[in-house]
Amino acid sequence: MGTIAVSRRVTLKADPQTVWEFVRDLSRFAEWQPHIAAAEVRPNGDRLLQFKRGDSIIDRIVFYDEEARTYTYAIAPGQDTPLKAMGATFAVAGDPDGTTVQYTISVTVPDEMEELATKGITGDIDGALGGLDTKFNGGQDR
């Protein structure tokens, strides 16, 4: 098993609270993350994510700090997936140019999947940050 972590950031021309209110809404991920077909938050707080590539996972918030504007979600246990563990963190911070959003994903996968997982995670993060760039910057900074 290998653990892979990829982290990227984008600077947005918007105030941090506006960006925070947008990215913390787990039900809206399909609006700005091009690899997600649908996101449904269930009454128990779990979220069903359906990906455009045809698979799906259930995840949930495992850490949330409103004041620091950061949260982490992780894959719910007991699913039939090659991911042995997955955690993703959004951190929103004020920046002299507006707001910086840091998106980090860490997964544990079988060794033979490490290269594919790295490419997939990088693509997912770049797509998500590109979606934020389009929403808040009109796609000007990526």
Side-chain angles (χ1 to χ4, degrees), residues 1-110 113-142:
M1 289 289 153
T3 300
I4 300 151
V6 178
S7 187
R8 300 266 198 276
R9 69 179 56 213
V10 65
T11 299
L12 305 172
K13 296 172 184 157
D15 69 275
Q17 189 61 32
T18 299
V19 173
W20 171 244
E21 289 172 9
F22 185 75
V23 300
R24 74 177 181 190
D25 186 347
L26 299 179
S27 67
R28 296 181 71 185
F29 272 37
E31 293 177 27
W32 55 280
Q33 294 197 29
H35 60 286
I36 296 176
E40 173 194 338
V41 178
R42 296 175 168 178
N44 69 354
D46 285 356
R47 177 178 64 168
L48 173 63
L49 279 179
Q50 296 175 329
F51 297 99
K52 289 185 178 175
R53 60 185 174 255
D55 59 331
S56 63
I57 63 166
I58 297 172
D59 63 18
R60 60 180 61 132
I61 297 290
V62 295
F63 174 79
Y64 185 90
D65 186 331
E66 179 77 25
E67 188 174 322
R69 295 188 188 110
T70 187
Y71 67 89
T72 300
Y73 59 91
I75 191 168
Q79 298 178 68
D80 183 22
T81 173
L83 300 177
K84 302 307 174 197
M86 186 281 296
T89 300
F90 276 100
V92 176
D95 180 279
D97 296 322
T99 298
T100 298
V101 176
Q102 178 96 24
Y103 188 19
T104 303
I105 299 176
S106 176
V107 297
T108 302
V109 295
M113 291 186 65
E114 286 185 31
E115 184 177 337
L116 180 63
T118 301
K119 287 179 184 176
I121 292 165
T122 301
D124 289 351
I125 289 174
D126 287 346
L129 295 180
L132 290 175
D133 180 56
T134 297
K135 173 155 182 68
F136 291 102
N137 296 341
Q140 301 296 315
D141 288 348
R142 288 194 65 85

Taking all atoms of both residues into account, what is the closest heavy-atom pair of [X] and [Y], and its distance?
{"X": "L12", "Y": "V19", "result": "CD1-CG1, 3.9 Å"}
{"X": "P16", "Y": "G94", "result": "CG-CA, 3.5 Å"}
{"X": "P34", "Y": "A128", "result": "CD-N, 4.1 Å"}
{"X": "A117", "Y": "V107", "result": "CB-CG2, 4.4 Å"}
{"X": "A88", "Y": "Y103", "result": "CB-CE1, 4.0 Å"}
{"X": "R8", "Y": "V6", "result": "NH1-CG1, 3.9 Å"}

Could you go step by step and tell me if T81 and D55 meet the side-chain contact (heavy atoms from CB on, under 4.5 Å) rule?
CA-CA 9 Å; T81 173; D55 59 331; over 6 Å; no

Rounded distance [0.5 Å steps], [atom1] in [X] versus [atom2] in [Y]:
{"X": "M86", "Y": "I57", "atom1": "CE", "atom2": "CD1", "result": "4.0 Å"}
{"X": "M113", "Y": "M1", "atom1": "CE", "atom2": "CE", "result": "9.5 Å"}
{"X": "Q33", "Y": "L49", "atom1": "CD", "atom2": "CG", "result": "8.0 Å"}
{"X": "L129", "Y": "Q102", "atom1": "CG", "atom2": "CD", "result": "8.5 Å"}

Test salt bridge (charged side-chain N to carboxylate O under 4.0 Å, His left out) applied to [X] - qualifying residues, sequence neighbours left out:
{"X": "E21", "result": "none"}
{"X": "E40", "result": "none"}
{"X": "D15", "result": "none"}
{"X": "K135", "result": "none"}

Out of D124, I125, D126, which residue meets the side-chain contact (heavy atoms from CB on, under 4.5 Å) rule with H35?
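Testing each of D124, I125, D126 against H35, the sole residue satisfying side-chain contact (heavy atoms from CB on, under 4.5 Å) is D124.
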
Quick one: does any side-chain atom of [X] pair with a main-chain N or O of [Y] as donor and acceptor, under 3.5 Å?
{"X": "Q79", "Y": "I58", "result": "yes"}
{"X": "N137", "Y": "T11", "result": "yes"}
{"X": "S106", "Y": "G87", "result": "no"}

So which of F22, Y71, W20 actually passes ring-ring contact (aromatic ring centres under 6.0 Å, His included) with F90?
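Only one of F22, Y71, W20 forms a ring-ring contact (aromatic ring centres under 6.0 Å, His included) with F90, namely Y71.
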
Other residues, nucleotides and ligands only: do more than 12 of their heavy atoms fall within 6.0 Å of NZ on K52?
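For K52, atom NZ is crowded (more than 12 foreign heavy atoms under 6.0 Å).
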
With a sphere of 6.0 Å drawn around CD of E115, does it hold more than 12 non-hydrogen atoms of other residues, nucleotides or ligands?
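Atom CD in E115 is not crowded, with 12 or fewer foreign heavy atoms closer than 6.0 Å.
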
With sequence neighbours left out, what residues match T89 under side chain to side chain contact (heavy atoms under 4.5 Å, CB included)?
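Checked T89 against side chain to side chain contact (heavy atoms under 4.5 Å, CB included); matches are T70, T72.
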
Quick one: side chain to side chain contact (heavy atoms under 4.5 Å, CB included) partners of R60, sequence neighbours excluded?
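Applying side chain to side chain contact (heavy atoms under 4.5 Å, CB included) to R60 gives D46, V62, A76, P77.
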
Does the side chain of V109 come within less than 4.5 Å of E114's, by heavy atoms?
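The answer is yes, as the side chains (C-beta and beyond) meet within the 4.5 Å cut-off.
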
